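Everything numeric here is computed off the predicted structure, so don't read it as measured data.
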Amino acid sequence: MRRSGLIAGASAMLLAAGTAVAPGASGAGDARGTGSASPRVATLIARMSLDEKLSFVHGGTDPRKLGQAGYIPGVPRLGIPELRLTDGPAGVRVNAHATAMPAPVALASSFDDRLARTFGQVIGHDGRVRSARTCCSPR
């Protein structure tokens, strides 16, 4: 695969993830990773500079140092939000208190769809609370 194709593919996946969680976003592209993207994502990729695309491939250091597992800088001029990644399937892990969740293997062994949904809702709630506290608090 050519370098430009690799960068475009990686950028499409990250843009799809970012636009899927951005307020009011829709049409995030192909979740199977087949390389096809929605027209909105394809347009955004076409408007990104090479440096912006490369920042999506390797990530960066979060200027706010919140203790997350990863950071992908956004592209404010295109309305692409920054992404902060947490560590682990067992709950949100950053430099803040969060619900301590049991190991996901315990959840899987329960074969309980309702419990799995609740597990996901708790993690989602913790993530939104962390986001609200970190994005809106005085620096």
Side-chain angles (χ1 to χ4, degrees):
M1 177 179 278
R2 290 184 19 227
R3 181 176 178 235
S4 61
L6 178 62
I7 292 170
S11 296
M13 288 187 295
L14 288 167
L15 280 172
T19 56
V21 297
S26 64
D30 188 343
R32 297 172 304 205
T34 60
S36 64
S38 73
R40 179 175 179 222
V41 171
T43 299
L44 287 171
I45 292 170
R47 294 181 59 200
M48 290 173 73
S49 70
L50 179 59
D51 286 341
E52 289 166 341
K53 291 174 185 175
L54 288 172
S55 76
F56 275 41
V57 175
H58 66 77
T61 302
D62 187 351
R64 300 196 36 214
K65 301 190 187 323
L66 302 174
Q68 70 280 3
Y71 175 76
I72 305 293
V75 183
R77 71 180 183 84
L78 297 177
I80 301 170
E82 59 192 355
L83 298 175
R84 289 185 170 89
L85 312 171
T86 64
D87 182 18
V92 176
R93 303 228 173 106
V94 293
N95 289 339
H97 294 289
T99 305
M101 302 295 287
V105 70
L107 173 65
S109 66
S110 74
F111 294 94
D112 186 336
D113 291 349
R114 291 174 301 168
L115 186 59
R117 180 174 298 279
T118 301
F119 189 96
Q121 288 170 338
V122 170
I123 292 174
H125 178 264
D126 276 0
R128 286 187 298 278
V129 168
R130 300 289 86 65
S131 177
R133 286 184 187 163
T134 57
C135 79
C136 306
S137 61
R139 295 180 188 179

How close do [X] and [Y] get, heavy atom to heavy atom, and via which atoms?
| X | Y | result |
| --- | --- | --- |
| R77 | M48 | NH2-CA, 3.9 Å |
| L115 | S110 | CD2-OG, 3.8 Å |
| P73 | F56 | O-CE1, 3.1 Å |

Legend entry - Result of checking V75, V41, I72 against I80 for side chain to side chain contact (heavy atoms under 4.5 Å, CB included):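 The passing option is V75.
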Inset, instruction - Indicate if V57 and Y71 have the same hydrophobic cluster label, given that clusters are the connected sets of ILVMFWY residues with side-chain heavy-atom separations under 4.5 angstrom. - result: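 No.
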Inset, instruction - Might you confirm whether atom CZ of R114 has over 12 heavy atoms from other residues, nucleotides or ligands at distances under 6.0 Å? - result: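 No, CZ of R114 has 12 or fewer neighbouring heavy atoms, counting only those of other groups under 6.0 Å.
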Legend entry - Spacing of OG1 belonging to T118 relative to CG belonging to D113, to within rounding of 0.5 Å: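 Nearest 0.5 Å value for the OG1-CG distance: 10.5 Å.
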Legend entry - From H125 atom NE2 to Q121 atom CD, the distance as rounded to the nearest 0.5 Å: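 Those atoms lie 11.0 Å apart.
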